[in-house]
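Since the structure is predicted, the reported quantities are computational estimates derived from the model, not experimental observations. This chain uses plain numbering: 1 for the first residue, then up along the sequence.
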Amino acid sequence: MDGFWRLNVMDLRHDVLQIIFEALKSLNEELPEDQQVALSEDTLLFGGESTIDSLSLVSVIVDVETAISTQFDRPVALTDDRAMSREPSPFTSVRTLTDFVVELLTEKA
């Protein structure tokens with residue numbers, strides 16, 4: 001990977017991470033203070049130790065899909081068969097979701 005491409009992927013990753021954080025901030029506005037979600041790449045989104053229930057996760061996913069489509073002028077589907085059969089799940093944490101979205105956006109159309 002040359003330096004220019006690596007820089008662009010890093011910028012893209014930063015932008016995607018900010019979109020996910022915005023979706024989590026939106027979710028936090030609806031939650032009591034003691035149930036709010038940390039804005040960290042290590043925040044668990046899915047699984048036994050996650051603080052987010054399934055309906056909240058769906059809301060975050062929809063918000064992320066919408067924001068990605070708007071910002072990058074490219075529709076993305078985060079809950080397709082590939083995502084659902086992947087191990088580990090792209091929804092395990094903010095980090096895995098960020099990496100999955102970047103992977104989708106950098107694929108050749």
Side-chain angles (χ1 to χ4, degrees):
M1 204 182 270
D2 69 17
F4 178 75
W5 176 246
R6 189 170 28 254
L7 179 63
N8 284 337
V9 170
M10 293 302 292
D11 289 344
L12 176 62
R13 190 175 194 292
H14 176 267
D15 291 346
V16 169
L17 183 59
Q18 294 310 306
I19 287 170
I20 294 169
F21 282 165
E22 285 302 316
L24 292 174
K25 286 179 190 176
S26 179
L27 173 63
N28 280 342
E29 291 174 3
E30 301 172 19
L31 296 173
E33 192 171 325
D34 64 333
Q35 294 179 12
Q36 292 190 356
V37 180
L39 301 180
S40 164
E41 286 195 52
D42 297 322
T43 297
L44 297 178
L45 301 175
F46 180 74
E49 296 182 32
S50 171
T51 58
I52 299 176
D53 64 29
S54 58
L55 289 178
S56 296
L57 178 58
V58 169
S59 175
V60 168
I61 291 169
V62 169
D63 287 352
V64 169
E65 285 178 336
T66 301
I68 293 291
S69 295
T70 300
Q71 182 165 335
F72 297 102
D73 195 30
R74 180 174 173 188
V76 293
L78 299 179
T79 57
D80 63 6
D81 289 339
R82 184 169 85 179
M84 302 315 260
S85 63
R86 191 174 206 155
E87 285 293 328
S89 168
F91 311 110
T92 301
S93 69
V94 170
R95 182 182 322 279
T96 58
L97 181 56
T98 302
D99 292 343
F100 183 63
V101 172
V102 169
E103 181 182 318
L104 293 176
L105 290 173
T106 56
E107 288 178 342
K108 292 183 180 176

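Salt bridge status for Glu41 with Arg13: present, with a side-chain N to carboxylate O gap under 4.0 Å. A salt bridge is defined here as a Lys NZ or Arg NE, NH1 or NH2 lying under 4.0 Å from an Asp or Glu carboxylate O, and Arg86 with Glu103 meets this definition. Salt-bridge check for Glu107 with Arg82: passed, with a basic side-chain N closer than 4.0 Å to an acidic carboxylate O.
When side chains are defined from C-beta on, Gln35 does not count as touching Thr51, because their heavy atoms never get closer than 4.5 Å. Counting heavy atoms from C-beta outward, Thr79 and Phe91 have side chains that approach closer than 4.5 Å. With a 4.5 Å cut-off on side-chain heavy atoms, Thr43 and Leu39 do not count as touching. Side-chain contact between Asp99 and Val102: absent, with no pair of heavy atoms (C-beta onward) separated by less than 4.5 Å.
Atom CG in Asp15 sits 11.0 Å away from atom OG1 in Thr98 (nearest 0.5 Å). Expressed to the nearest 0.5 Å, how far OG1 of Thr106 lies from CG of Leu104 amounts to 8.0 Å. Atom CG of Leu105 sits about 9.5 Å away from atom CD of Gln71, to the nearest 0.5 Å. Atom CD1 of Ile20 sits about 3.5 Å away from atom CG of Leu97, to the nearest 0.5 Å. From Glu29, atom CD reaches atom CG of Leu24 across 11.5 Å, with rounding to the nearest 0.5 Å. Note that OG of Ser56 is 11.0 Å distant from CG of Leu45, once rounded to the nearest 0.5 Å.
More than 12 heavy atoms of other residues, nucleotides or ligands sit less than 6.0 Å from atom CZ of Phe21. Counting heavy-atom neighbours within 6.0 Å of Asp53 CG, excluding the residue itself, gives a total above 12.
Between the side chain of Ser26 and the backbone N or O of Glu22 there is no donor-acceptor pair closer than 3.5 Å. Under a 3.5 Å cut-off, the side chain of Thr92 and the backbone N or O of Pro88 do not form any donor-acceptor pair. Between the side chain of Asn28 and the backbone N or O of Gln36, no donor-acceptor pair lies under 3.5 Å. Using a distance-only test at 3.5 Å, with no hydrogens or angles considered, no donor-acceptor pair links the side chain of Glu65 to the main chain of Pro75.
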task: Take Asp63 and Ile19 through the side-chain contact (heavy atoms from CB on, under 4.5 Å) test and state the conclusion after the steps.
output: CA-CA 9 Å; Asp63 287 352; Ile19 287 170; over 6 Å; no
task: Just do the side-chain contact (heavy atoms from CB on, under 4.5 Å) check on Thr96 and Ser93 with the steps written out, would you?
output: CA-CA 5 Å; Thr96 58; Ser93 69; 3.5 Å; yes
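Under the 4.5 Å side-chain heavy-atom criterion for grouping Ile, Leu, Val, Met, Phe, Trp and Tyr, Ile52 is connected to Leu17 within one hydrophobic cluster. Cluster annotation: Leu31 and Val94 are assigned to the same hydrophobic cluster (Ile/Leu/Val/Met/Phe/Trp/Tyr, side-chain heavy-atom contacts under 4.5 Å, transitive). Clustering ILVMFWY residues whenever any of their side-chain heavy atoms sit less than 4.5 angstrom apart, transitively, puts Phe100 in the very cluster that holds Met84.
Annotation for Ala83 and Pro90: closest pair O-CD, 3.3 Å, computed over non-hydrogen atoms. A pairwise comparison of heavy atoms in Val76 and Ser69 identifies N-OG, 3.6 Å as the closest pair. The nearest pair of heavy atoms linking Val16 to Ile68 is CG2-CD1, 4.1 Å.
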